[in-house]
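Data block below; observations after.
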Amino acid sequence: MMNGFDDIPFFDEEPTARPAKPDPAPERPQAGAIPSGLAARAMAARQASAPRPTYLDGLNPEQLRAVETLDGPVLVLAGAGTGKTRVLTTRIAHILATGRAFPSQILAVTFTNKAAREMRERITHLAGEAVEGMPWLGTFHSIGVKFLRRHAELVSLRSDFSILDTDDVIRLLKQLIQAEGLDDKRWPARQFAQMIDGWKNKGLDPNQIPEGDARAFGNGKGRELYTAYQNRLIGLNACDFGDLLQHPIRILKNNPDILADYQNRFRYILVDEYQDTNTAQYMWLRLLAQRPKGKNPSPTHPHKGAGLDAPSTATGRNTRLADDDFPGSDPQVSSLPLVGRVGEGSSSHVNICCVGDDDQAIYGWRGADIDNILRFEKDFPGATVIRLECNYRSTAHILGASGHLIAHNEGRLGKTLFTERADPDDEKVQVHASWDSEEEARGIGEEIEQLQRQKHPLNNMAILVRASFQMREFEDRFVTLGLNYRVIGGPRFYERQEIRDAMAYFRLVCQPADDLAFERIINTPKRGLGDTTVRHLHDYARARDIPMLAAAGDMVETEELKPKARKSLYDVVVNFKRWSQLLESTPHTELAEQILEESGYTDMWKADKSAEAPGRLDNLKELIRSMEQFESMRGFLEHVSLVMDAEQNENMDAVSIMTLHSAKGLEFDTVFLPGWEEGLFPHQRALDEGGRNGLEEERRLAYVGLTRAKKRLHIWFVSNRRIHGLWQSTIPSRFLDELPEDHVEVAEVEQSYGGYGRNQYGQSRFDKQEPFSSGYSSPGWQRAQANKTDATRNNWGNRSGHQVERIGYGEAGPTGRVIQGELVAKSKVDTPSAFSVGDRVFHIKFGNGNIAGIEGNKLTIDFDRAGQKRVLDGFVEKV
DNA sequence: GTGTTATGGATTTTT
DNA sequence: TCCATAACAC
């Protein structure tokens, strides 16, 4: 099987020693010419006798080493809360300050826009304005776009290509699937979109995908469909997200001169969150991090004498370096006097610095390959590996608990975090048991209110859940309590229907070939242009290989359409023609408003009587407002396609609710982790689909959760949870067993709730809870343990009495406890229910009742006290 | 061409 | 249970 990067040579293929570089004596800056900020500090740094620059103050020895080891490959293993971002930003400041590179010669990649933004801000803070000229600081995707806009023609695109989001992609794929004569229900476009995404994450084009993969979809037509999709994208002058990396890789591979150009340009490469890189990103990095081949234009000092602040110091010019002014291309720059210690960075290795934490790799499911970080030293021979293990975030208890948990994973690079903080008042990690998710939400609400009474800001608290369905219960509870909360993640501004519709109008005006935009809005608002008309247009356009808008322009001249549709379509065509003409002459916000007005789009929502309509109109206004910050409509569209998020209201004091995934990188004084039950966390599907690796990723996710907390960490689990409308009894997460006793205690269960079901139908397992300090010996805990083995049979997705596959480590873990039932396979067989209608049964949560109906293994039961509920048959017993 | 009922599926998510 | 999407009737 081709892996797509056989032809990328390794770094050490060219072991030739670099020529000796000039090492000019630093010049003394001229009095009065000293600019503020970075340059001044840089100059100070350059003087042998001068004290070390202030931006290095306060770094610990490892951090300092990570900042100052500028030559050759460096892997910084930065544990949670060890100052990763600080190292990264200081390192860049240091490179700039020592004059080793221009801002435009540094490639710094992140995964999210947020991380890129933060990095830019912090470098600016450290280094002053010079960094605003860092054109190659951004996400993999934004850098990919920038590259691709320049070289689009090499992959048959025009530089004004549009970027499709997942929604567009799915609609397009659906068309293609139907065009192949396949049943789009049997072969869902959504699933195929994920497959394509997976292939692109691995850097595979249609010819390279494994035969098995190709056959697995669409009656064996996977490869044809993928090919057709790529062709269609070119036809649409569009890219999907994967292409933003795929196309650049292809361009770099096929054009050695371009590759060499960029290899020369990027003197320093920095990568954030390296553990999350996928294969394609790895390939791209590896291409760029190679030594230029062949006719090497003196890589040692490609820009003679171009120390960073040479221009700014000497002339005051160029404090903001434009995109293209990398040294050598600008005679003014390259003729400036030699100032910095240029060329010192040269060695036999490339200056790539990757920062990451293998213990926080939680994106395997979307193509991230944790092996990239585990393999670093092999990939980059002679690499310096620096471990940041001093944690500045959490208490010793939190650190102890999380470290103990993550130690259960195999295949780690291995770090042990420590803290210098030792406060006897720090509380241990608390584990709370509750009866069901409602009580869980109540309990956490109480705790929050308690903290609030002690004047702790809500902004410093967060609830981190495994799956987003868990959020609702908290929201409901907080609404009744009148407690401010903020949901992070969730549906985003630019994904709202009205925003996407409006954007489709704008897209079509800027890019008349954007058929997907055309199809989205041609009948929005309703114009009587339904499926049949669209199909006509589609066929016409396909037959002549022209965009649909153009086809519409043609067809209104013919008699093919019914008069009504024809008139309607004519109006649309004329409108778009007019708007396109106004594009250059009218201010873009004005034009945007005009488009939404004249198309009848805003009227559509004004006429809508539903509750959401006014909100949607507000959103449209907000959209126009946010356009103001951009120079043109095109610039705005580009921004939106890459930056899908819009900032939240941060002025309000509110508890944050989010998934564990979106919590990565954040920290809070108090963190609540609800839902630590088998099946939910670790999630059953992760176990089913990912096996041991899946479990380890779940454990890393748990580790991420634990390490978000600075002072207080409260973990909760429930005995009963409703999943897909069915009540199921649950058992505590195995991760709870993996927490060390000396840092954890079981919180007292407050009796005040008197929740329904609790004392009526028997005691909760944790009613008589004793703290962990007495060992895991409390009756409740023992019962839970007993239940655990027992309940494995009745576990999620498992039907009563089915066979259970046990794959254990077999060995005692660090707790000294044997982990059993490591993975619980999902049963696929539906055995007929052993119950019949009318049977009298007992359920642990709802008590006694009579079976009213049976569908497979799902029972509908009329309970004496709880009313009618649906439960799985495994959770009731005959009485 | 549009409004209403059935069906099925239901981690995690960035760009 | 609950949501989105899809087939169906008007």
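By convention in this document, chain letters (A, B, ...) are assigned in the order of the sequence lines, proteins followed by strands, and residues within each chain are numbered from 1.
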Given the C1' atoms of dT5(C) and dT12(B), what is the spacing between them in whole Å?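 Rounded to whole Å, the distance is 22 Å.
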Going through the checks in order, is the salt bridge (charged side-chain N to carboxylate O under 4.0 Å, His left out) test met by Asp571(A) and Arg527(A)? CA-CA 10 Å; Asp571(A) 289 344; Arg527(A) 301 189 171 91; over 6 Å; no
Passing option when [X] is tested against [options] for side-chain contact (heavy atoms from CB on, under 4.5 Å):
X: Asn409(A); options: Arg692(A), Glu697(A), Arg700(A); answer: Arg700(A)
X: Arg507(A); options: Ile521(A), Asp514(A), Ile163(A); answer: Asp514(A)
X: Leu516(A); options: Val169(A), Leu172(A), Asp165(A), Asp167(A); answer: Leu172(A)

Hey, is the side chain of Lys200(A) poking within less than 4.0 Å of OP1 or OP2 on dT15(B), counting only N and O atoms?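 So the side-chain polar atoms of Lys200(A) never come under 4.0 Å of the phosphate oxygens OP1 or OP2 of dT15(B).
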side-chain N/O Lys564(A) vs dG1(B) OP1/OP2, d < 4.0 Å: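 It does not, given that no N or O in the side chain of Lys564(A) lies less than 4.0 Å from OP1 or OP2 of dG1(B).
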Rounded interatomic separation in angstrom, taking [atom1] from [X] and [atom2] from [N]:
X: Arg721(A); N: dT1(C); atom1: CZ; atom2: P; answer: 17 Å
X: Arg171(A); N: dA4(C); atom1: CZ; atom2: C1'; answer: 16 Å
X: Glu438(A); N: dT1(C); atom1: CD; atom2: C1'; answer: 15 Å
X: Asp167(A); N: dT15(B); atom1: CG; atom2: C1'; answer: 15 Å
X: Gln191(A); N: dA4(C); atom1: CD; atom2: P; answer: 21 Å

Could you work out which one of [options] sits closest to the side chain of [X]?
X: Arg472(A); options: dC3(C), dG3(B), dT15(B); answer: dC3(C)
X: Arg722(A); options: dA7(C), dT1(C), dC3(C); answer: dT1(C)
X: Leu642(A); options: dG1(B), dT15(B), dA7(C); answer: dT15(B)

Counting the atoms with a prime plus P, OP1 and OP2 as sugar-phosphate, which does [X] contact under 4.0 Å by heavy atoms, base, sugar-phosphate, or nothing?
X: Ser568(A); value: nothing
X: Lys174(A); value: sugar-phosphate
X: Asn523(A); value: sugar-phosphate
X: Arg190(A); value: nothing

Looking at Arg477(A) and Glu438(A), does any basic side-chain N land under 4.0 Å from a carboxylate oxygen?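 Judged by the 4.0 Å cut-off on N to carboxylate O distance, Arg477(A) and Glu438(A) do not form a salt bridge.
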Please work out whether dT11(B) sits syn or anti, treating a glycosidic angle within 90° of 0 as syn.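 Glycosidic conformation of dT11(B): syn.
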Can you give me the N/O atom pairs linking the protein to nucleotides 10-14 of chain B at distances under 3.5 Å, or say none if there are none?
from	atom 1	to	atom 2	distance (Å)
dT11(B)	O5'	Arg685(A)	NH1	3.4
dT11(B)	O4'	His683(A)	NE2	3.4
dT12(B)	OP1	Ser468(A)	N	2.6
dT12(B)	OP1	Ser468(A)	OG	2.3
dT12(B)	O4'	Arg466(A)	NH1	3.3
dT12(B)	O2	Trp365(A)	NE1	3.3
dT12(B)	O2	Arg466(A)	NH2	3.3
dT13(B)	OP1	Thr659(A)	OG1	2.5
dT14(B)	OP2	Arg492(A)	NH1	3.4
dT14(B)	O4'	Arg366(A)	NH1	3.2

Heavy-atom closest pair, residues Phe192(A) and Tyr226(A):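 So the minimum-distance heavy-atom pair works out to CZ-N, 3.8 Å.
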Test side-chain contact (heavy atoms from CB on, under 4.5 Å) applied to Ser656(A) - qualifying residues, sequence neighbours left out: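 Partners of Ser656(A) by the side-chain contact (heavy atoms from CB on, under 4.5 Å) criterion, ordered by chain and then number, come out as Ala462(A), Arg486(A), Ile488(A), Met658(A), Phe668(A).
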